[in-house]
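Just so we're on the same page: letters track the sequence lines, and every chain starts at 1. Here the structure is a predicted model, which is why all the values come from computation and not from measurement.
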Number of protein chains: 4
Amino acid sequence: MRYTTAGESHGPEEIAIIEGVPAGLHITQEDINEELARRQHGYGRGERQQIETDTVTFLTGVRHQITLGSPITLNVHNDDHNSWSKIMAPNDPATPENTLRKVLRPRPGHADLVGGMKYRHHDDLRNVLERSSARETTMRVAVGAVAKKLLREINVDVHGFVVNVGPAKSDLNVLTQYKDLQELRAVTESFATRALTAEADEAIRQVIDKTKRDANTVGGQVQVIATGMPVGIGSYVSADEKLDGKIARAIVGINAFKGVQFGGGFDNSEKYGDQIMDEIFWDSEKGFYRGTDNLGGFEGGMTTGEAITVRGVVKPIPTLYRPMKSVDIDTHQEHKASIERSDTTAVTAAAVIAESMVAIELAIAVLDKFDADNIERMKEQVAAYREEIRTF
Amino acid sequence: MRYTTAGESHGPEEIAIIEGVPAGLHITQEDINEELARRQHGYGRGERQQIETDTVTFLTGVRHQITLGSPITLNVHNDDHNSWSKIMAPNDPATPENTLRKVLRPRPGHADLVGGMKYRHHDDLRNVLERSSARETTMRVAVGAVAKKLLREINVDVHGFVVNVGPAKSDLNVLTQYKDLQELRAVTESFATRALTAEADEAIRQVIDKTKRDANTVGGQVQVIATGMPVGIGSYVSADEKLDGKIARAIVGINAFKGVQFGGGFDNSEKYGDQIMDEIFWDSEKGFYRGTDNLGGFEGGMTTGEAITVRGVVKPIPTLYRPMKSVDIDTHQEHKASIERSDTTAVTAAAVIAESMVAIELAIAVLDKFDADNIERMKEQVAAYREEIRTF
Amino acid sequence: MRYTTAGESHGPEEIAIIEGVPAGLHITQEDINEELARRQHGYGRGERQQIETDTVTFLTGVRHQITLGSPITLNVHNDDHNSWSKIMAPNDPATPENTLRKVLRPRPGHADLVGGMKYRHHDDLRNVLERSSARETTMRVAVGAVAKKLLREINVDVHGFVVNVGPAKSDLNVLTQYKDLQELRAVTESFATRALTAEADEAIRQVIDKTKRDANTVGGQVQVIATGMPVGIGSYVSADEKLDGKIARAIVGINAFKGVQFGGGFDNSEKYGDQIMDEIFWDSEKGFYRGTDNLGGFEGGMTTGEAITVRGVVKPIPTLYRPMKSVDIDTHQEHKASIERSDTTAVTAAAVIAESMVAIELAIAVLDKFDADNIERMKEQVAAYREEIRTF
Amino acid sequence: MRYTTAGESHGPEEIAIIEGVPAGLHITQEDINEELARRQHGYGRGERQQIETDTVTFLTGVRHQITLGSPITLNVHNDDHNSWSKIMAPNDPATPENTLRKVLRPRPGHADLVGGMKYRHHDDLRNVLERSSARETTMRVAVGAVAKKLLREINVDVHGFVVNVGPAKSDLNVLTQYKDLQELRAVTESFATRALTAEADEAIRQVIDKTKRDANTVGGQVQVIATGMPVGIGSYVSADEKLDGKIARAIVGINAFKGVQFGGGFDNSEKYGDQIMDEIFWDSEKGFYRGTDNLGGFEGGMTTGEAITVRGVVKPIPTLYRPMKSVDIDTHQEHKASIERSDTTAVTAAAVIAESMVAIELAIAVLDKFDADNIERMKEQVAAYREEIRTF
């Protein structure tokens with residue numbers, strides 16, 4: 001499985017093509033719309049996001065709600081485009097009228113300036129920011145919805161939630177209270193902040209509200225847990241076969257993410273060996289298993305069969321309503337950065353996007369090892385493999 | 001540029017092939033040997049590492065100390081192999097004599113158990129651990145040495161050092177004292193711990209010594225800084241073009257690394273937008289520049305021209321002389337894990353390996369954008385591009 | 001540059017995403033529509049093809065007729081879909097009504113049977129043939145149009161024509177009469193058969209007409225010539241860097257193509273060394289050049305700077321109105337193969353498709369070597385390189 | 001599975017690394033040496049080739065004749081290197097003594113001139129020809145030997161032979177006499193020319209002898225047949241998934257190959273649909289099958305289960321003892337091309353190399369679809385899949 005996204009923030013359409021999804025998978029547009037709604041409706045998003053609802057259309061690769069094995073095209077229309085149809089017109093030549101709203105004052109922390117230099121967009125940095133916008137993550141959530149549907153067929157579940165927004169933190173110890181991700185999901189999705197507890201939810205709302213009043217933005221951390229992965233996905237034999245490495249790239253590749261860690265992550269640096277390694281046990285029923293999961297579900301770049309735990313850090317959104325210092329690229333004079341419509345924090349959405357990226361990498365890895373032509377054949381192979389591992 | 005490594009820990013040879021290095025680059029085996037020595041001789045490595053010295057041989061791709069443009073093969077002989085020549089013999093059939101030293105008690109935290117399941121190495125987990133061993137990082141350091149030689153041609157410098165080992169930490173504030181990486185390197189390489197200051201060096205030695213006495217192991221953090229990269233390497237246009245994502249994968253792909261961050265990294269999650277973004281300035285001499293570098297040299301997955309700052313976390317080595325609980329894969333009885341010769345900490349070596357991986361990714365990215373056929377032509381293109389960016 | 005296509009023959013849309021096209025390239029939908037029309041309107045296509053006209057829409061990546069550097073999405077609507085909207089409905093569950101027109105009798109020579117086995121489409125082979133249909137080549141021609149637009153910026157021209165259809169052949173000796181591809185194009189595009197001469201055009205029409213009367217189909221050969229490529233694109237250093245190999249794959253990857261050759265191709269097998277090699281000359285004005293071009297523009301997998309000559313062979317279309325023996329996959333009884341609407345020959349269209357595939361591979365190879373971020377920067381680098389080669 | 005080769009013709013070593021070979025495959029150096037000998041000992045090779053024997057050493061990835069799942073390094077020492085140790089010294093700086101035997105007069109038909117331009121090897125074209133030499137194909141034959149060993153585990157057999165050398169041709173009709181490739185192999189390998197019949201063997205020897213007396217070289221065609229491939233390997237869903245396209249690239253990527261075709265290939269261009277398509281039959285014992293194999297074992301880029309038939313054309317060797325016109329790159333004066341030691345024809349060796357490349361592509365494709373971690377698990381999956389296809 002591999003995928004490609006395309007689309008500008010105010011252009012007509014957002015598009016993704018997914019290749020290599022097995023034939024025979026049941027999927028509906030509604031399956032995807034639910035996930036798109038999750039991305040849009042987190043606390044801290046602008047009002048417009050709260051109201052609008054992205055909806056997907058299948059253009060190719062699906063027939064009667066069943067995948068064909070051929071490339072799947074997902075399409076989300078940009079409702080905004082109506083107000084931008086001239087400024088973002090693909091097939092009209094530039095005129096004085098349709099080149100209004102130029103961006104010449106790059107925003108620190110955004111791709112504006114460097115993107116303009118790289119692609120020689122000296123006349124209008126809009127040519128950069130329309131693509132570098134986090135609008136693109138819509139399609140990654142859509143692709144992730146397909147990945148999650150596939151993973152569910154082999155009982156792999158993936159869920160993302162918010163650890164903290166600025167100083168307001170969830171208490172991670174409550175995680176042990178939930179017997180599976182379905183239970184956990186019911187709780188965190190009941191909060192508009194995707195926090196773990198009502199206390200954290202309240203605290204996070206207050207941080208976001210205050211930040212908004214300050215015309216500022218704020219960062220946070222999100223965590224993704226995946227359960228049920230078969231043992232031994234990924235490999236130690238070559239550095240680029242390590243599945244945790246692939247997930248790391250996927251997470252850092254999300255807009256605004258500045259770091260990623262597995263299991264105890266950075267805390268491991270202050271620990272000793274005997275505090276961290278997950279001891280090995282065996283049981284005639286389940287075969288080999290571990291007593292703990294300090295390593296976040298990975299040994300040697302391979303899944304251990306324990307829960308995968310990935311944490312990512314999201315920097316504050318760089319578009320400030322109280323803009324920072326910049327320079328006009330035309331005049332080279334100092335100016336405040338341009339202001340684009342933006343949110344107070346992207347952390348609540350980021351939990352869904354990170355969840356999607358983890359799901360995509362897991363699905364790719366599963367399809368690398370097992371039959372990728374037909375979902376039933378894949379399931380047969382996974383079942384046989386699981387039995388083999390259980391009786392190792 | 002792309003590369004592949006091969007080799008078992010006690011097999012006859014470690015090998016790497018690098019493709020796509022431009023013709024005309026001056027390189028000697030000594031250039032690489034220096035880096036191999038840096039990897040071996042950190043504080044906390046076993047005595048044997050301290051004494052032995054890996055040396056590389058060019059088997060292909062280099063003639064008269066100049067790269068040809070064809071694939072370069074680097075070869076490091078495993079001196080250990082003499083004592084293992086029967087047990088690791090490639091071309092002799094298995095016999096009772098040459099299958100001694102079987103490993104049947106997988107070490108928690110290592111690839112042993114999962115690797116055995118995945119590849120069906122039920123009869124001897126040595127078939128896993130010989131490859132999953134950190135011995136493989138020798139070749140990544142060798143490849144990194146070639147990458148650094150190439151980067152130096154365009155004045156890109158890369159340096160790695162130790163932030164902390166367990167509770168003993170370097171004071172990162174001293175970083176501002178050094179005008180360039182050459183100065184910094186002179187300091188950190190003067191310490192066997194690769195710490196930033198004499199105080200940290202002393203504290204880290206004490207932590208390592210105590211850990212060793214406890215028959216335990218300990219983790220830490222390393223940091224890599226890269227200066228001089230051209231602006232706009234990597235891209236925002238597609239998630240998999242982001243250079244910080246590629247570096248994240250490379251770092252997490254190193255044995256024992258459990259996390260990675262850029263610039264302020266996880267600290268960003270408690271910060272507000274106006275504290276983090278690097279404001280933009282302009283000067284007729286140097287063109288656009290930033291006042292700070294909180295984002296670690298990346299915006300939108302592209303180099304900003306500021307110093308790249310990457311931090312990685314290394315878990316403690318999982319091979320303990322006071323072994324943890326495991327299970328014999330033959331009998332399914334509980335047993336202590338097997339003991340392989342090992343070090344107290346890998347953090348001092350990890351600084352060199354992380355430095356190598358960052359250098360490799362930067363070199364690949366540079367060669368993606370500029371001519372990769374001849375080093376002089378590449379330099380001409382880089383120079384023209386830098387002038388273009390300066391006068392943007 | 002890389003690209004992906006998606007779409008079923010009677011599905012709602014055909015889609016292609018192209019990544020890595022430099023920013024700043026001028027392109028219009030009309031540029032692409034012209035090429036789509038060339039594909040549709042060759043002699044031997046069904047009447048419907050002759051009447052219909054595919055038109056493309058830019059969904060992403062282009063603004064005001066200028067590429068942005070971000071992924072470009074091309075969309076061709078399937079006008080046919082209206083009559084198939086239920087049978088090919090992506091988001092409606094299967095019902096007795098919308099699963100009419102099932103295909104259960106696979107056509108020899110098509111992907112029907114094997115595709116059904118591979119993807120377990122046992123209930124309806126339409127799930128295969130909708131994607132394996134040559135309808136998909138529409139999008140390759142669309143992508144090829146973008147590639148040709150890019151190549152034209154550096155004076156590379158590409159043109160495809162018909163060598164023969166069945167026994168009716170063009171006289172290739174006339175090729176020497178034309179001073180460039182523009183002249184040649186004017187001639188071959190004046191014939192609905194894309195033949196080289198009026199005589200061949202007439203003969204080919206007669207073969208096609210007779211074949212149609214016989215309810216049969218017929219094969220042929222097409223040739224693509226590309227002029228103006230910079231010297232040294234592709235490489236001998238590794239087998240998978242050879243540009244002729246990449247083109248071979250691209251040509252054989254077109255529906256119905258069963259072979260490919262360069263320059264004299266298979267005729268070389270009866271020749272001696274001194275008859276074939278292109279001798280080397282030098283001139284102070286143009287530098288090194290050849291007296292002949294027997295090797296079709298390649299030495300060692302690299303462009304020599306001489307015209308690239310690629311020949312491909314197209315088998316007859318396997319859908320016959322007088323169908324061949326097959327077996328019903330449901331009953332396992334012998335039956336004639338199913339009949340789908342089809343053409344008498346695809347050779348005239350194949351010339352355009354092969355031309356597109358060669359253009360795509362050349363554009364990819366050019367962008368691999370030169371700057372792929374901005375078209376003007378690319379042109380500057382190509383110009384500098386050409387001057388370097390001229391004065392070698 | 002993927003692989004990389006490295007090595008210069010007179011450098012110290014030829015190297016290949018193969019990644020992704022499943023664990024548990026039995027392989028010996030002798031398995032590979034046999035194939036290397038086949039490559040060396042064809043009629044028309046220089047005397048030296050006839051006497052020398054390449055032998056391989058496993059440096060990594062194999063233990064006790066069993067693959068580990070980790071990267072396999074194959075090493076063939078260049079015995080010639082002793083006489084070239086100074087001229088090809090990797091780690092000594094250039095001196096007047098070790099830069100003798102410079103090549104400044106590029107050979108038409110070789111990579112010499114273009115390679116020199118591309119990589120700026122203006123001072124010595126030996127820097128090109130040492131790598132562009134067909135010596136590199138040694139390692140492809142070595143890799144191919146591993147691929148064939150793997151394929152044999154699932155009863156896939158691959159064999160290459162000579163169709164013609166210059167005007168002397170094998171009668172392909174005899175192919176139907178042999179019940180399997182083992183029988184065919186016994187015949188063609190009994191001839192030093194790899195011809196199909198004693199008559200063709202004699203005729204080919206005469207052509208080669210005469211060509212040698214004329215100080216000329218001669219081309220030819222080789223054919224590779226592969227039997228037993230599972231149905232449905234490769235795919236129609238995207239152009240780059242077509243297995244015949246991948247094989248086409250692999251064949252054209254061999255030194256001196258100028259074309260490739262499948263089944264009837266270029267002859268199809270003069271045929272009609274009803275003459276070519278392979279009709280479909282069914283039998284309760286074997287399931288679906290075909291009466292003929294005109295399409296060379298492929299439909300829609302997928303294996304049909306029938307024999308795969310690939311033909312390649314080899315141009316004459318461009319190094320002539322009666323050299324052609326060239327130009328000294330230093331003085332720009334006209335000169336005869338340089339003479340390197342060479343053979344009269346490479347066609348007999350080319351049959352083995354083409355066989356190897358087909359085997360490599362088939363093995364890669366099999367491992368893409370089935371488990372690539374352990375050979376026994378792969379075989380279990382292949383067996384289950386074959387039964388599924390048989391009962392479709």
Side-chain angles (χ1 to χ4, degrees), chain A residues 2-8 11-19 22-24 26-30 57-66 68-73 75 87-95 98-99 115 118-121 124 126-128 130-132 136 373-377, chain C residues 2-8 11-19 22-24 26-30 57-66 68-73 75 87-95 98-99 115 118-121 124 126-128 130-132 136 373-377:
Chain A
R2 56 183 177 182
Y3 75 100
T4 305
T5 73
E8 281 69 42
E13 309 292 342
E14 300 292 326
I15 302 284
I17 297 182
I18 320 176
E19 294 175 90
H26 182 265
I27 187 138
T28 66
Q29 292 171 182
E30 291 67 35
T57 307
F58 294 140
L59 302 185
T60 75
V62 180
R63 183 182 174 211
H64 299 152
Q65 305 183 343
I66 304 287
L68 294 172
S70 45
I72 299 170
T73 306
N75 176 205
I87 284 172
M88 293 303 295
N91 209 42
D92 298 332
T95 63
N98 68 15
T99 48
K118 177 184 179 72
Y119 293 103
R120 279 198 192 172
H121 288 310
D124 189 355
R126 176 165 303 286
N127 291 335
V128 175
E130 284 287 334
R131 177 64 187 162
S132 63
E136 186 266 343
D373 292 335
N374 179 279
I375 189 75
E376 295 305 321
R377 197 185 294 129
Chain C
R2 56 183 177 183
Y3 75 100
T4 305
T5 72
E8 282 69 43
E13 310 291 341
E14 300 292 326
I15 302 285
I17 298 182
I18 321 176
E19 294 175 89
H26 182 266
I27 187 137
T28 66
Q29 294 171 181
E30 291 68 36
T57 308
F58 295 139
L59 301 185
T60 75
V62 180
R63 183 182 174 211
H64 299 152
Q65 305 183 342
I66 303 287
L68 293 172
S70 44
I72 299 170
T73 306
N75 176 205
I87 285 172
M88 294 302 295
N91 209 44
D92 299 333
T95 63
N98 68 16
T99 47
K118 178 185 178 73
Y119 293 104
R120 280 198 193 172
H121 287 310
D124 189 356
R126 176 165 304 288
N127 291 334
V128 175
E130 284 286 334
R131 178 62 187 164
S132 64
E136 187 264 345
D373 292 335
N374 179 280
I375 189 75
E376 294 305 320
R377 197 186 295 129

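- Residue Arg131(C) touches chain A through its side chain alone, counting heavy-atom pairs closer than 4.5 Å.
- Using a 4.5 Å cut-off between heavy atoms, Thr5(A) touches chain C through its backbone atoms (N, CA, C, O) alone.
- In terms of heavy-atom pairs under 4.5 angstrom with chain C, the leader among Gln29(A), His26(A), Glu13(A) is Gln29(A).
- The residue among Pro93(C), Ala23(C), Pro12(C) with the most heavy atom pairs within less than 4.5 Å of chain A is Pro93(C).
- Taking each heavy atom of Arg120(A) and Asn374(C) in turn, the nearest pair found is CB-ND2, 3.0 Å.
- Contact count versus chain C (heavy atoms, under 4.5 Å) is highest, among Thr99(A), Asn91(A), Thr60(A), Thr4(A), for Asn91(A).
- When Met88(C), Glu19(C), Lys118(C) are compared by the number of non-hydrogen pairs under 4.5 Å with chain A, Lys118(C) comes out ahead.
- Here the side chain of Asn75(A) pairs a donor or acceptor atom with the backbone of Glu14(A) at under 3.5 angstrom.
- Here OG1 of Thr73(A) is found 11.0 Å from CZ of Phe58(A). Values are rounded to the nearest 0.5 Å.
- The shortest heavy-atom contact between Ile87(C) and Arg126(C) is CG2-CD, 4.0 Å.
- We find the CD-CG distance between Gln65(C) and Asp92(A) to be 7.0 Å, quoted to the nearest 0.5 Å.
- Counting heavy-atom pairs under 4.5 Å between each of Thr28(A), Ile375(A), Thr95(A), Ile15(A) and chain C puts Ile15(A) at the top.
- Comparing Gly69(C), Pro22(C), Gly7(C), Ala89(C) by how many heavy-atom pairs each has under 4.5 Å with chain A, the most go to Ala89(C).
- With a threshold of 4.5 angstrom between heavy atoms, Arg63(A) approaches chain C through its backbone and through its side chain.
- For the set Glu130(A), Arg377(A), Glu8(A), Glu30(A), the count of heavy-atom pairs under 4.5 angstrom toward chain C peaks at Arg377(A).
- Using a 4.5 Å cut-off between heavy atoms, Arg2(A) does not touch chain C at all.
- In terms of heavy-atom pairs under 4.5 angstrom with chain C, the leader among Gly11(A), Gly61(A), Gly24(A), Ser132(A) is Gly61(A).
- Ranked by heavy-atom pairs shorter than 4.5 Å toward chain C, the options Gly115(A), Pro90(A), Pro71(A), Ala94(A) are led by Pro90(A).
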